[in-house]
> 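There's a structure below that I have some questions on.
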Amino acid sequence: DGIHLLGPALNPQSFAAIKRTDAFRVFVMGGSQAMGSPFVSPLSELRKGEYFGISTWLENYLAELLPNREVEVINAAQAGQDLGEVLTLYEEIAEWGQPDLVVLLSGNNEAPPSSDGGGTGDLFRSQVDIPLEVAQLTSRFATRLDRLASVARRAELPTFVLTVPTNLRD
């Protein structure tokens, strides 16, 4: 009857598996910043409408722009995700989520692979000492953006990709 987003680093929520005909469905994706941290966390008691993360702002804004539509903004962001992890969910949302729009905020969790094989972490807080690592990370991020664009084109899915500015010197 519905789809439930639950997980240790997700903002738990549900939405109808079949979108209403008058609905405009938006998915917000990315890491903790897209999720709304520090305003919302998986440990908080806050419910939808009680916090002021990007999904709440977007829902309020689109409701004014589309007064004759039911605006659904689904916060599918998850703390700590890099773009590679976001892409897996993006492909699933493009296939079965019935989205009208995706807003993806990513780029601040990219990091070199760690010794345990994981790649999630904050590039700009990690110890990146040689230009080669930065070049490899940039190349990997660009490859992932190309894959995202390919999925968006194939699904004819409008997608806004946002990132955060970073000062590599500091």
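All residue numbers refer to positions in the sequence shown, counting from 1.
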> Taking atom CG of Asp100 and atom CG of Leu62, what is their separation to the nearest 0.5 Å?
10.0 Å

> I need the minimum non-hydrogen distance between Ile54 and Ala34, along with the two atoms involved.
CG2-O, 3.0 Å

> With sequence neighbours left out, which residue pairs that include part of residues 142-154 fulfil the salt bridge (charged side-chain N to carboxylate O under 4.0 Å, His left out) condition?
Asp82-Arg144, Glu91-Arg147, Glu110-Arg144

> Looking at every heavy atom in both Val86 and Gln81, which two are closest together, and how far apart are they?
CG2-OE1, 3.4 Å

> Can you see which heavy atom on Ala77 is nearest to which on Gly31, and at what distance?
CB-O, 3.6 Å

> Drop me the distance from Ile74's CD1 to Glu59's CD, to the nearest 0.5 angstrom.
9.5 Å

> Is the shortest heavy-atom distance from the side chain of Met29 to the side chain of Ile93 under 4.5 Å?
yes

> Start with the C-alpha distance between Val28 and Val73, add both sets of side-chain angles, then the distance that settles side-chain contact (heavy atoms from CB on, under 4.5 Å), and finish with yes or no.
CA-CA 7 Å; Val28 173; Val73 177; 3.8 Å; yes

> Once you round to the nearest 0.5 Å, how far does CZ of Arg25 lie from NZ of Lys19?
6.5 Å

> Taking the side chain as C-beta and beyond, is there a heavy-atom pair between Leu162 and Val103 under 4.5 Å?
yes

> Roughly how far, to the nearest 0.5 Å, is CG of Asn75 from OG1 of Thr56?
8.0 Å

> Tell me, please, which residues at least two apart from Arg69 pass salt bridge (charged side-chain N to carboxylate O under 4.0 Å, His left out).
none

> Would you give the length of the straight line joining atom CG of Leu83 to atom OG1 of Thr88, rounded to the nearest 0.5 angstrom?
9.5 Å

> In terms of relative ring orientation, are Trp96 and Phe27 parallel, tilted or perpendicular, with 30° and 60° separating the classes?
perpendicular

> If you round to the nearest 0.5 Å, how far is CD of Glu72 from CZ of Phe24?
11.0 Å

> State which residues pass side-chain contact (heavy atoms from CB on, under 4.5 Å) with Leu148; sequence neighbours excluded, sorted by chain then number.
Leu87, Tyr90, Leu104, Thr159, Val161

> Which heavy atom of Val151 sits nearest to which heavy atom of Ala94, and what is that distance?
CG1-CB, 4.0 Å

